[in-house]
Trainee: 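Before I ask anything, let me first share the structure, which is written out below as structure tokens.
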Amino acid sequence: MDIELQLAVESLHARYAQALDADRLEEWPNYCTENGRYRITTAENEERGLPLPVLMAEGRAMMRDRVQSLRHANIYEPQRYRHMISGVLAEPVSPGLVKSTANFLVIRIMQDGATMMFASGRYVDRIALSAMQYEERVVICDSRRFDTLLAIPL
Amino acid sequence: MDIELQLAVESLHARYAQALDADRLEEWPNYCTENGRYRITTAENEERGLPLPVLMAEGRAMMRDRVQSLRHANIYEPQRYRHMISGVLAEPVSPGLVKSTANFLVIRIMQDGATMMFASGRYVDRIALSAMQYEERVVICDSRRFDTLLAIPL
Amino acid sequence: MDIELQLAVESLHARYAQALDADRLEEWPNYCTENGRYRITTAENEERGLPLPVLMAEGRAMMRDRVQSLRHANIYEPQRYRHMISGVLAEPVSPGLVKSTANFLVIRIMQDGATMMFASGRYVDRIALSAMQYEERVVICDSRRFDTLLAIPL
């Protein structure tokens with residue numbers, strides 16, 4: 001096991017989660033490479049090979065657009081999210097590229113204080129080591145029930 | 001602290017959880033040594049010293065039987081599980097053997113998408129370092145309420 | 001990244017959580033320096049700069065008092081708690097001092113077995129490296145709803 005690699009990947013996941021939890025959505029695209037791909041899907045669709053992502057962005061420009069939309073949509077309530085990440089595994093696939101999987105659980109805290117499980121699932125990532133950025137992040141949600149109106153990055 | 005040991009133990013826990021979450025139950029016995037002991041109990045029974053495990057298997061053969069039963073039982077619904085593991089501590093107890101404790105939270109996702117907390121508690125493990133397998137895994141659940149009909153590995 | 005530092009901080013958080021989950025409250029002050037500061041607050045209050053902590057203790061003596069009060073209060077039900085900690089980040093701020101942030105989720109298990117999410121949020125810590133103790137631990141809860149009657153350490 002490459003200890004330095006393992007901890008660098010865990011740190012990337014942690015900083016990504018911290019940015020989202022602090023509502024610093026504008027930083028989100030910077031965790032991906034310039035042409036990075038980001039996709040939220042469900043385990044069911046993923047297993048059936050259905051190309052119906054809940055959210056899809058190819059490249060930082062699309063991600064920035066997505067953030068803009070979220071900021072201007074009236075539906076964007078000031079709730080909070082809390083990411084828990086667990087079981088990070090990392091393995092090199094080619095020079096400069098590592099594949100990583102991890103489990104996640106996202107908690108949503110409404111403005112009145114009510115707390116609920118918002119999403120669980122796993123991250124399947126391809127990480128460019130040169131800049132420690134996601135070349136691809138696939139967010140596979142366990143539940144088919146998904147609040148698609150509010151498709152925020154996870 | 002032995003850094004390599006710590007990360008090897010965390011990796012074992014992560015791969016174990018990934019196998020269960022992906023419903024690769026048949027791989028479960030392989031995470032234990034040939035004569036490995038596996039036991040699910042409750043904190044209450046554990047504290048009182050009551051020998052009433054929810055699930056008990058001694059050796060891989062018994063584990064394989066258990067998986068067979070689960071596969072053939074009608075009660076086995078195609079729900080999903082998601083393991084979150086946290087606070088892994090590891091300490092050597094003898095040459096080739098390490099004791100590990102960790103907290104866990106298992107989420108259950110029903111087929112209609114409903115998500116609930118299924119079990120929480122802690123793992124108390126004895127790990128054989130030669131093959132990085134569990135010589136003993138004790139799963140101590142916090143709640144006395146436990147769906148014993150559906151005694152799946154945790 | 002200082003690998004040894006990262007793992008030492010993760011281990012401190014894990015041992016702290018294990019002590020609380022095992023109801024070894026009397027050990028809680030020992031995870032802080034003699035004059036350590038401990039504070040539970042809400043994200044809302046923290047953002048507005050409101051000095052209204054849910055629980056505050058300056059120095060181990062105050063912490064011991066708090067534990068005594070909890071032990072003697074009738075409200076202290078024998079429920080269990082389970083801490084999940086994730087996304088630990090650590091960075092040195094001065095010789096001998098490190099700042100750490102981490103996400104947490106605390107599960108409460110009532111005596112009848114009912115399980116609920118009790119609190120989520122993040123730890124913002126200053127850790128004295130000489131003894132690996134908290135010089136300051138600030139527990140920032142996401143939810144404004146907080147069971148203040150039962151202000152246990154988190």
Trainee: Can any side-chain N or O of B:Asn103 pair as donor or acceptor with the backbone N or O of C:His83 at less than 3.5 Å?
Mentor: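 Looks like yes, one N/O pair under 3.5 Å.
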
Trainee: To the nearest 0.5 angstrom, please state how far the CD1 atom of B:Ile3 sits from the CD atom of C:Gln6.
Mentor: 10.5 Å

Trainee: Output the residues of residues 85-93 of chain B for which the shortest heavy-atom distance to chain C is under 4.5 Å, in residue-number order; output 'none' if no such residue exists.
Mentor: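 When heavy atoms of chain C are the reference, residues 85-93 of chain B contributes B:Ile85, B:Ser86, B:Gly87, B:Leu89 within the under-4.5 Å range.
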
Trainee: CD1/C:Ile109 to CZ/B:Arg144 distance, rounded to the nearest 0.5 angstrom?
Mentor: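 Answer rounded to 0.5 Å: 13.0 Å.
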
Trainee: Distance from B:Thr101 atom OG1 to C:Arg15 atom CZ, nearest 0.5 Å?
Mentor: 11.0 Å

Trainee: Side chain from CB out, backbone as N, CA, C, O: work out which of these in C:Asp21 comes under 4.5 Å of a heavy atom of chain B, or both, or neither.
Mentor: side chain

Trainee: For the CE atom of B:Met117 and the CD1 atom of C:Ile107, what is their distance to the nearest 0.5 Å?
Mentor: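 Between B:Met117 CE and C:Ile107 CD1, I get 4.5 Å after rounding to 0.5 Å.
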
Trainee: C:Arg82 and B:Arg122: side-chain contact (heavy atoms from CB on, under 4.5 Å), yes or no, with the steps?
Mentor: CA-CA 9 Å; C:Arg82 186 61 53 197; B:Arg122 64 201 190 99; 3.7 Å; yes

Trainee: Give a yes or no on whether a salt bridge exists between B:Glu46 and C:Arg80, defined as a side-chain N under 4.0 angstrom from a carboxylate O.
Mentor: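 The answer is no: the pair does not qualify as a salt bridge.
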
Trainee: Of the listed residues (C:Ala17, C:Ala114, C:Ala8), which shares the most heavy-atom pairs with chain B below a 4.5 Å separation?
Mentor: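 Max contact count across the listed options: C:Ala114.
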
Trainee: Please give me the minimum heavy-atom distance between B:Ser143 and C:Gly113, naming the atom from each residue.
Mentor: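 Result for this residue pair: OG-O, 2.7 Å.
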
Trainee: Go through it in stages, so that I can follow the logic: the residues are C:Glu10 and B:Met1, the test is side-chain contact (heavy atoms from CB on, under 4.5 Å), and I'd like the CA-CA distance, side-chain angles, deciding distance and then a yes or no.
Mentor: CA-CA 12 Å; C:Glu10 291 183 11; B:Met1 174 189 289; over 6 Å; no

Trainee: Starting at CE of C:Met84, measure out to OG of B:Ser120 and round the result to the nearest 0.5 Å.
Mentor: 8.5 Å

Trainee: List the residues meeting side chain to side chain donor-acceptor pair (under 3.5 Å) with B:Arg64, not counting sequence neighbours, and say none if there are none.
Mentor: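 Applying side chain to side chain donor-acceptor pair (under 3.5 Å) to B:Arg64 gives none.
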
